[in-house]
Structures are given as C-alpha cells and as structure tokens.
Visitor: 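Pasting in a structure now, in structure tokens, and then I'll have a few things to ask.
Residue indices begin at 1 and follow the sequence shown. Hydrogens, waters and symmetry mates are skipped; everything else that's a heavy atom, side chains included, is used.
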Amino acid sequence: MTGIVVMAGARSDVGRVRKLNEDAVLAQYPVFLVADGMGGHEAGDLASAAVVDAFRHLVGRDDVQPEEVVTAVESAHAAVSQVAGRHARGAGSTLAALVAVVQNGSHAWLVVNIGDSRVYRLVGSSLEQLTVDHSVVQELVDAGKISRSEMSTYPGRNVITRAVGDSQSPADYWLSPIVTGERMLLCSDGLSNDLSDEAVLAGLSLGGSAEQTAYALVDQALARGGRDNISAVVVDVRSGGLAPRADEVTGGFATSEQAAVQSIEVDTITSRRERPIRG
C-alpha cells in the first residue's frame with residue numbers, strides 16, 4: 001500500500017485559570033487524539049490519560065483496521081469507568097480522534113468523537129468542522145435558539161451530553177479520505193471556546209509547521225483568557241493521499257451538516273467521499 005506521509009505537532013497547556021491540566025493528547029502516526037478529562041483534581045487527569053492509553057497500542061502501525069479503533073473506544077469507556085468508580089465525584093472524558101485506517105485496501109481517516117472536543121479540516125483556504133459537539137449548547141444551536149457565535153459565551157457551555165466512561169454515550173464514527181495537502185486540527189474546548197472560527201482559520205493558514213501552528217494556536221487562546229485547559233494537535237498530510245476536490249478549496253468556514261454514524265458496527269461507518277459534507 002502507498003505510504004501516507006504526515007507531520008504532526010501537539011501542545012497541551014493548563015491555561016491561566018485552572019491549577020491542573022486534565023487534558024491529554026496523543027500525536028503519533030497513525031493515531032492523533034485529544035481527551036479532555038472531567039473529575040477535578042481527583043480524577044480528571046487520570047480519565048484523559050486512560051483514554052490515551054487505550055489507543056497507544058495502535059501507534060507505529062500502517063495496517064490498523066476500523067474494528068480495532070472501535071475496540072479501543074470500548075476499552076477507553078471501560079478504563080474511564082474504572083477510574084470513576086474509585087472516586088466520589090466520578091470521572092469522564094471527551095474524545096476527539098483521527099486514526100489512519102485501512103478500508104477496502106486504501107488508507108482513510110476514521111474520525112471519532114465523544115463530547116465537545118473537535119476535529120477541524122483545512123484544505124486550501126476552506127475550513128470545516130468535521131465533528132459535531134455533544135453538548136447542551138450544540139443542541140440549542142441545532143434548535144435555532146442561539147447562534148454558533150454565542151456558543152463560547154453561553155452559560156453552561158461546558159455541559160456535555162456524552163462522555164467516555166458513560167455506557168450510554170456512543171461514539172460518532174465516520175470515514176474521511178486522506179487528502180494530500182490537508183491540515184487537520186484536533187482541540188479541546190479550551191481552544192475552541194477562546195478562539196472564533198475565523199481565528200482558527202487564520203491560525204491554521206499562517207504557513208508554519210504543524211508544531212509551530214499548534215503552539216501558536218494555544219498561545220492565541222492563552223492571550224484571549226485561557227479560561228480552561230487548552231490542547232491542540234495539528235496534522236499535515238504531506239504525501240500519499242488523494243488530490244483535493246475543486247469544491248474543497250473555495251475558502252471560508254463551514255460546519256458539518258452530515259449526521260455522523262452513531263453505531264459501533266463498523267460496516268455502517270459512512271465514507272465522506274460518498275456523502276460529502278456541505279456547509
């Protein structure tokens with residue numbers, strides 16, 4: 001199989017308000033993820049670390065199957081549930097992951113989401129959010145009660161409706177083609193709450209390396225208050241992927257209107273090349 005060449009950079013910062021960093025990141029091909037732990041000083045950092053550990057065995061491989069990612073998510077649920085059981089306040093975590101898998105003999109990204117950490121994709125000057133937040137404010141946006149621009153300041157913006165460690169919180173999965181020249185961003189809500197969509201687009205478009213960009217984005221969030229822990233993983237596809245479609249480089253920002261597949265049955269995971277996202 002043709003090898004996929006990527007460059008990645010990651011940074012996680014405690015921010016300017018919190019005393020403990022409950023975020024955890026993993027940025028080693030073929031696995032890139034951000035986990036935002038919940039549970040305070042007792043367990044939040046343990047929960048996010050457990051999520052990372054559940055995926056670590058996939059690092060360094062070029063033959064990961066979608067079923068193995070589903071199994072890793074199940075393992076993360078079990079591990080975080082064990083952490084929660086040892087602490088009075090309980091524990092949980094978000095998960096936003098991007099894993100290069102082999103599907104029908106070709107590589108593709110398998111995007112995974114639980115909670116309100118996000119995955120963005122930049123092609124040319126066109127940015128889209130691939131994931132859909134599992135949060136109260138996202139539900140309000142979907143219902144037309146608030147605008148997207150109000151999400152970062154709305155009271156209760158940190159209340160999520162799904163979490164790793166909760167057996168009633170299935171992951172959303174879908175496939176996205178790996179495209180040469182695309183830049184992916186995975187981030188916790190500490191970054192997306194402090195940076196507007198336009199600021200994220202500008203930060204990803206400045207032309208620095210993946211590592212420089214991850215550091216710069218976190219610096220920007222810190223400069224805007226750093227109200228929460230802040231994590232960013234930037235992934236650049238250098239070669240080995242498909243060519244971008246002409247309609248993917250038109251510029252601007254778009255949110256995903258595709259309903260992500262809410263099933264752990266891998267044969268129901270949908271290819272975005274078959275059902276393209278439109279903003």
Visitor: Any donor and acceptor pair, going by atom type alone, linking the side chain of Gln138 with main-chain N or O of Ser135 inside 3.5 Å?
Guide: no
Visitor: Could you pull out the closest heavy-atom pair between Ser48 and Ser93, with the gap in Å?
Guide: CA-OG, 3.9 Å
Visitor: Quick check: is Leu217 connected to Leu201 through a chain of hydrophobic side chains (ILVMFWY, heavy atoms under 4.5 Å apart)?
Guide: yes
Visitor: Taking Arg61 for its side chain and Pro30 for its backbone only, find out whether a donor-acceptor pair lies under 3.5 Å.
Guide: no
Visitor: For the CG atom of Leu195 and the CG atom of Leu204, what is their distance to the nearest 0.5 Å?
Guide: 9.5 Å
Visitor: Which value, rounded to the nearest 0.5 Å, describes the distance between Asp36 atom CG and Cys187 atom SG?
Guide: 10.5 Å
Visitor: Using the rule side-chain hydrogen bond (donor to acceptor under 3.5 Å, both in side chains), only one of Asp133, Asn113, Thr94, Thr131 pairs with Arg118; which is it?
Guide: Asp133
Visitor: For the pair Gln28 (side chain) and Leu26 (backbone), establish whether a donor and an acceptor sit closer than 3.5 Å, ignoring hydrogens and angles.
Guide: no
Visitor: At their closest point, which heavy atom of Ala47 faces which heavy atom of Gly92, and how far apart are they?
Guide: CB-O, 3.3 Å
Visitor: For His77 and Ser169, indicate whether the former's side chain and the latter's backbone hold a donor-acceptor pair under 3.5 Å.
Guide: yes
Visitor: Measure the spacing between CD1 of Ile178 and OG of Ser239 and express it to the nearest 0.5 Å.
Guide: 11.0 Å
Visitor: With a 4.5 Å heavy-atom cut-off, do His87 and Leu46 have their side chains touching?
Guide: yes
Visitor: Can you give me the closest heavy-atom contact between Ala43 and Gly90, atom names plus distance?
Guide: CB-O, 3.9 Å
Visitor: Return yes if some donor-acceptor pair links the side-chain N/O of His134 with the main-chain N/O of Gly115 below 3.5 Å, else return no.
Guide: yes
Visitor: Return the minimal non-hydrogen interatomic distance between Ser117 and Ser188, and the atom names on each side.
Guide: OG-CA, 3.7 Å
Visitor: Which pairs pass salt bridge (charged side-chain N to carboxylate O under 4.0 Å, His left out) with one or both residues in residues 47-60, sequence neighbours excluded?
Guide: Asp53-Arg56
Visitor: Grouping I, L, V, M, F, W and Y whenever their side-chain heavy atoms are under 4.5 Å apart, do Val83 and Val164 come out in a common cluster?
Guide: no
Visitor: If you measure from CG on Leu191 to CZ on Arg11, what distance do you get to the nearest 0.5 Å?
Guide: 10.5 Å
Visitor: Just so I know, are the side chains of Phe55 and Leu33 near enough to count as touching, which here means a heavy-atom distance under 4.5 Å?
Guide: yes
Visitor: Tabulate below the donor-acceptor pairs under 3.5 Å that side-chain atoms of residues 227-235 make, not counting sequence neighbours, or state none.
Guide:
unit_1, atom_1, unit_2, atom_2, d
Arg227, NE, Asp194, OD1, 2.8
Arg227, NH2, Asn193, O, 2.9
Arg227, NH2, Asp194, OD1, 2.8
Asp228, OD1, Arg18, NH1, 3.4
Asn229, OD1, Glu22, N, 2.8
Asn229, ND2, Val14, O, 2.9
Asn229, ND2, Leu20, O, 3.1
Ser231, OG, Ser12, OG, 2.7
Ser231, OG, Asp23, OD2, 2.9

Visitor: Linking I/L/V/M/F/W/Y whenever any side-chain heavy atoms sit under 4.5 Å apart, do Met38 and Val73 land together?
Guide: no
Visitor: Measure from the side-chain N and O atoms of Gln82 to the backbone N and O of Ala79, and report whether any donor-acceptor pair falls under 3.5 Å.
Guide: no
Visitor: Please answer whether the main-chain N or O of Leu122 pairs with a side-chain N or O of Ser126 as donor and acceptor at a distance below 3.5 Å.
Guide: no
Visitor: Would you say Met184 and Glu182 make side-chain contact, with heavy atoms under 4.5 Å?
Guide: yes
Visitor: Would Arg148 and Gln129 count as a side chain to side chain contact (heavy atoms under 4.5 Å, CB included) if you check the C-alpha gap in whole Å, the side-chain angles of each, and the deciding distance to 0.1 Å?
Guide: CA-CA 12 Å; Arg148 180 178 174 87; Gln129 181 183 328; 2.6 Å; yes
Visitor: Within the side chain of Thr213, is there an N or O that forms a donor-acceptor pair under 3.5 Å with the backbone of Ser209?
Guide: yes
Visitor: Step through the shown structure and confirm whether more than 12 heavy atoms of other residues, nucleotides or ligands are within 6.0 Å of CD on Glu211.
Guide: no
Visitor: Report yes if the side chains of Leu127 and Asp197 come closer than 4.5 Å at any heavy-atom pair, otherwise no.
Guide: no
Visitor: Are side-chain heavy atoms of Val69 and Val64 found at a separation under 4.5 Å?
Guide: yes
Visitor: Dump the intermediate steps for side chain to side chain contact (heavy atoms under 4.5 Å, CB included) on Phe32 and Val25, then the final yes or no.
Guide: CA-CA 8 Å; Phe32 308 93; Val25 301; over 6 Å; no
Visitor: Can you tell me which residue among Asn158, Thr161, Asp116, Ile160 is in a side-chain contact (heavy atoms from CB on, under 4.5 Å) with Val136?
Guide: Thr161
Visitor: Applying the 4.5 Å side-chain criterion to the ILVMFWY set and letting contacts propagate, would Val59 and Val51 be lumped into a single cluster?
Guide: yes
Visitor: So do the side chains of Val119 and Trp109 get within less than 4.5 Å of each other, counting heavy atoms only?
Guide: no
Visitor: Any side-chain heavy atom of Glu150 sitting closer than 4.5 Å to one from Lys145?
Guide: no
Visitor: Between the side chain of Asp236 and the main-chain N/O of Arg238, is any donor-acceptor distance below 3.5 Å?
Guide: no
Visitor: Hey, could you give me the CG/OH distance between Leu98 and Tyr120, rounded to the nearest 0.5 Å?
Guide: 14.5 Å
Visitor: Counting C-beta onward and ignoring hydrogens, is there a side-chain heavy-atom pair between Pro170 and Arg162 closer than 4.5 Å?
Guide: yes
Visitor: Any sub-3.5 Å donor-acceptor pair from His107's side-chain atoms to Val101's backbone N or O?
Guide: no
Visitor: Which value, rounded to the nearest 0.5 Å, describes the distance between Leu110 atom CG and Trp174 atom CH2?
Guide: 9.5 Å
Visitor: Same cluster or not: Tyr215 versus Leu186, using hydrophobic residues (I, L, V, M, F, W, Y) connected whenever any side-chain heavy atoms lie under 4.5 Å apart?
Guide: no
